[in-house]
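Shown next, in structure tokens, is the structure this report addresses.
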Amino acid sequence: MPIFAHVPIMQEFHIAEARRAALLMALDLGLKRTEAYYVATAVSELATNLFLHAGGGDIQLSVVARSNRLGIEVIAQDEGPGIADVALALSDGFTTSNGLGCGLPGAQRLMDEMEIDSEVGRGTRILARKWGPVLPQDREPTSSYQVVEN
Amino acid sequence: MKIPILRLGEILLTSIQVDLTDAEVMEFQSSVLHTISEVEARGLALDITAMEVVDSFMARTINDTASMARLLGAEVVVCGMHPSVALTLVEMGRGLIGVDATFNLDEGLSRLRKRIAQRGDSMLGEDDRHERSS
């Protein structure tokens, strides 16, 4: 089972690659089909943002653990222009590219957690997580996963 | 990757089967619209049975393509949306797809035929009458 994937988003077809990698990892992790598609769609939105607004960036996917749950962590990082008003970027219908304006808020709703760290002129780092099923008591997450504190 | 656009009488049938890049999606949109106008198609069936992930860009393109096709004079149905896609689209925000939808292609085609018959401008109808009178 892949526990880490790094997809540089430089060309448009990399978005589809990131989407596929996320779908595979989420399904392998034991997320329900619908939730795996949520993750894949959110990754698609984030990767599209990297390509459209930041001139490229990186998508990192990794399996993480918190107490007795495994989850998938998505990090979208770029050295683009940054987001001047994060709250505004997260509001529905706000768009700078003639889109629907639901990419970022949509991704936030599809994932369990999302944090945006952005500095104008420096870049943006978005971290999002989706948690999978609770593991049985006798199956502690193995130490190979990065453990995330609450 | 070029998506085939099949002609079934006065209806155009397209099925998106592969992961498309945004550029390919735009190319698809423009070739669908050109074909509609070229053959004066009365209907467009957009089969998305094979699509498991529809992001907001793809959803917008489907929406836009449908409105553009309607402006040209064609009826549009989207067929076979995966339940996960419906869940994701609604979860992401508003119902992104504001077009007519059917469970499968079969129903899509009969809905199109019904609507074309209602409009009363079917090309086939004229041809049929022509054949009978001659």
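Numbered from 1 within each chain, the chains take letters A, B, ... in sequence-line order.
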Quick check: are there more than 12 heavy atoms from other residues, nucleotides or ligands sitting under 6.0 Å from CG of B:Asp106?
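Open.
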
Distance, nearest 0.5 Å, that separates [atom1] of [X] from [atom2] of [Y]:
X: A:Thr48; Y: B:Met58; atom1: OG1; atom2: CE; answer: 12.0 Å
X: A:Leu52; Y: B:Phe57; atom1: CG; atom2: CZ; answer: 7.5 Å
X: A:Arg109; Y: B:Thr88; atom1: CZ; atom2: OG1; answer: 12.5 Å

Nearest heavy-atom neighbours spanning A:Gly103 and B:Ser56
CA-OG, 4.2 Å

Under a 4.5 Å heavy-atom cutoff, which of A:Gln11, A:Arg33, A:Arg19 has the most pairs with chain B?
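With the most close heavy-atom pairs to chain B, the winner is A:Arg19.
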
Given side chains that start at C-beta, do those of A:Phe13 and B:Glu24 come closer than 4.5 Å, heavy atoms only?
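Heavy-atom side-chain distance check fails, nothing below 4.5 Å.
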
Does one hydrophobic cluster hold both [X] and [Y], with members joined at side-chain heavy-atom distances below 4.5 Å?
X: A:Ile59; Y: A:Ile75; result: no
X: A:Tyr37; Y: B:Met92; result: no
X: A:Val74; Y: A:Leu127; result: no
X: B:Phe28; Y: B:Val85; result: yes
X: A:Ile72; Y: A:Ile3; result: yes

Quick check: does any side chain N or O of B:Glu91 sit under 3.5 Å from a backbone N or O of A:Tyr38, one acting as donor and the other as acceptor?
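Here the side-chain-to-backbone pair does not exist.
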
Under 4.5 Å from any heavy atom of chain B, what part of A:Thr41 do you find: side chain, backbone, both or neither?
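Contact with chain B involves both backbone and side-chain atoms of A:Thr41.
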
